[in-house]
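Sequence positions, counted from 1, serve as the residue numbers for this chain. Values in this document were obtained by computation on a predicted structure and should not be read as measured data. We count ligands from 1, going down the list as the structure has it; atoms in each ligand are counted the same way.
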Amino acid sequence: MDTNSNLYQDLTRVLVTREEIAKAVKKLGEQITRDYADCKDVVLVCILKGACLFFTDLMREIDLPISIEFMSVSSSGSGTSSTGVVRIVKDLDRNIEKKDVLIVEDIVDSGRTLSYLVSVLKQRHPNSVRIATLLDKPARRVVDLDVDYSCFDIPDAFVVGYGLDYDEKYRNLPDIGILCPRIYE
Ligand code: IMP
Ligand code: MG
């Protein structure tokens, strides 16, 4: 999709290009390959729906015999900020006991969603639980959270594309852009 296509008209500007994303994802995949080289059972957990594109690209850059799982949580309404109330909509299919779990998320904002998820998954006795996020908005953090891997720190702006949505739309944009405030105000 071209950057002068219809969907791009709703952006203030492109913040992270598809080329920058691909480069960062490749680098992260190589790092994870090194860090998890000695782990026997690595499970990559995709947090639906936002992380779907990041997840499928990242897993192809990890040169290890990993397995994958999908989880869906609801933490936000249809607006631009999360409520802080996290609910598991779809849980993992398999047991993670004694496994090395890597949660793959699209963006860390307040940190509430991941903080809750990490605590839920830790109760299931995995060997380890770490977080890989594509984007991080450190200025918005309200809970203490260790983010192990992050591709890009971004400013406090509402972004869409490459899996991230506003009201379920714009996930199919190949780049990440700042959404025009007129769309949600
Ligand atoms: P947190 O619990 O506040 O960290 O919220 C994380 C979730 O809020 C993410 O998984 C996204 O679904 C959503 N979110 C936060 N910021 C943005 C954004 O700029 N664009 C799209 N979704 C966002
Ligand atoms: Mg999300």
With atoms numbered from 1 as shown, which atoms in ligand 1 lie under 4.0 angstrom from a non-hydrogen atom of Ala157? 19 (O)
Any idea which atoms of ligand 1 are less than 4.0 Å away from a heavy-atom of Ser110? 1 (P), 2 (O), 3 (O), 4 (O)
Which atoms of ligand 1 sit under 4.0 Å from any heavy atom of Asp165? 21 (C)
Only one of Lys26, Lys27, Arg34 forms a side chain to side chain donor-acceptor pair (under 3.5 Å) with Glu30, so which one is it? Lys26
Looking only at N/O atoms, are Phe158 and ligand 1 under 3.5 Å apart anywhere? no
What do we get for Lys137 next to ligand 1 when only non-hydrogen atoms under 4.0 Å count, side chain, backbone, both or neither? side chain
Among Leu145, Leu117, Ile107, Val108, whose heavy atom sits nearest atom 6 (C) of ligand 1? Ile107
Which residue, Ile131, Ile66, Ile32, forms the side-chain contact (heavy atoms from CB on, under 4.5 Å) with Leu102? Ile32
Val160 heavy atom under 4.0 Å from ligand 1: no
Which of the ligand 1 atoms, numbered from 1, are nearer than 4.0 Å to a heavy atom of Arg112: 2 (O), 4 (O)
For residues Met1 and Leu7, determine if any side-chain heavy atom of one lies less than 4.5 Å from a side-chain heavy atom of the other. yes
Qualifying residue, where the test is salt bridge (Lys or Arg N to Asp or Glu O under 4.0 Å) with Arg141 and the options are Asp109, Asp136, Asp153: Asp136
Check whether Lys122 reaches the backbone of Val129 with its side chain - one donor and one acceptor, N or O, closer than 3.5 Å. no
Is the closest N or O pair between Leu164 and ligand 1 shorter than 3.5 Å? no
Show which atoms of ligand 1 fall inside a sub-4.0 Å distance from at least one heavy-atom site of Thr113. 1 (P), 2 (O), 5 (O), 6 (C)
Any non-hydrogen atom of Gly50 lying under 4.0 Å from ligand 1? no
Taking all non-hydrogen atoms of both residues into account, name the closest pair between Pro181 and Thr12 and its distance. CD-OG1, 4.0 Å
Note: ligand 1 atoms sitting under 4.0 Å from heavy atoms of Glu105 are 10 (O)
For Asp10 and Tyr170, test the side chains for any donor-to-acceptor distance below 3.5 angstrom and give the result as yes or no. yes
Pairwise side-chain contact, Phe54 with Asp106, heavy-atom cut-off 4.5 Å (strictly under): no
